[in-house]
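For the numbers below, each heavy atom of this structure counts, side chains included, while hydrogens, waters and symmetry mates do not.
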Amino acid sequence: MDQEKIREGVKLILEGIGEDISREGLVETPDRIARMYEEICGGMKESAAEHLCKRFHVDSSDMVLEKDITFYSMCEHHMLPFYGTVSVAYVPNDSVVGLSKIARTVEVFARRLQLQEQMTAQIADAFMDNLSPKGVMVMVEAEHMCMTMRGIKKPGSKTVTVAARGIFDDNEKLQSTFYRMLGK
């Protein structure tokens with residue numbers, strides 16, 4: 001990540017909105033913003049494969065569900081936050097991953113400039129490509145600051161996206177079990 005370009009860009013934005021970049025409260029802002037972007041866009045240089053490679057053998061093919069994984073991301077259209085929860089269910093094919101690895105996989109994709117619809121699909125595809133389960137289903141529920149603090153200004157509204165792969169794709173009974181386990 002090019003910290004200097006970020007600092008210069010922030011200075012230009014501050015000047016563009018009419019701020020005095022030498023004002024006490026703003027002097028260190030470009031550096032703070034550059035460090036912040038290193039953190040919140042850190043998923044750009046990560047691969048989900050590194051989190052999904054450590055597996056544990058299982059004889060069962062019962063569904064595994066990790067729900068209500070909190071995430072924060074940035075909308076690529078407005079560079080404003082969107083945040084909410086992700087729920088991931090998969091049916092193992094001889095192996096499972098540690099539960100923390102599910103949340104870490106979510107973070108890889110959330111910590112990028114992103115579209116919610118795209119992030120949902122990326123999480124599902126990462127599981128299929130790297131864990132090779134019989135199927136996976138991902139649901140993301142999020143509030144978008146580009147909808148709540150600007151534009152239409154509808155705070156509290158949530159966007160829900162779902163991706164189903166493998167045996168979840170066309171199995172209404174399995175999908176119903178997923179939603180029932182979520183309490184939906």
- Evaluate the side-chain contact (heavy atoms from CB on, under 4.5 Å) criterion for residues V86 and M119: first the C-alpha distance (whole Å), next the side-chain angles of each, then the deciding distance (0.1 Å), finally the verdict. CA-CA 10 Å; V86 176; M119 185 178 87; 4.3 Å; yes

- Closest non-hydrogen contact found for F71 with A142 is CZ-CB, 3.8 Å

- Task: Would you please say whether a donor-acceptor pair under 3.5 Å links the side chains of T159 and Q116?
- Result: no

- Item | Non-hydrogen atoms of A48 and V108 that approach each other most closely | N-CG1, 3.9 Å

- From E76, H77, Q122, residue fulfilling side-chain hydrogen bond (donor to acceptor under 3.5 Å, both in side chains) relative to Q114: Q122

- Rounded to the nearest 0.5 Å, how far does CZ of R112 lie from CD1 of I40? 14.0 Å

- Task: Please tell me if the side chains of T177 and F168 come closer than 4.5 Å, counting only heavy atoms from C-beta onward.
- Result: no

- Message: If I take atom NZ from residue K67 and atom CD from residue E141, how far apart are they, to the nearest 0.5 angstrom?
- Response: 10.5 Å

- Query: Is it the case that H51 and E107 place a side-chain donor and acceptor less than 3.5 Å from each other?
  - Reply: no

- Supply the atom-to-atom distance D20 CG to L14 CG, rounded to the nearest 0.5 angstrom. 10.0 Å

- Electrostatic pair E39:R35 at N-O distance under 4.0 angstrom: no

- Classify the angle between the aromatic ring planes of Y90 and F127 as parallel (below 30°), tilted (30 to 60°) or perpendicular (above 60°). tilted

- Message: Taking CD in E4 as the centre, count heavy atoms belonging to other residues, nucleotides or ligands within less than 6.0 Å. Is the count above 12?
- Response: yes

- Task: Determine whether K134 and P92 make a side-chain contact, defined as any pair of heavy atoms from C-beta on separated by less than 4.5 Å.
- Result: no

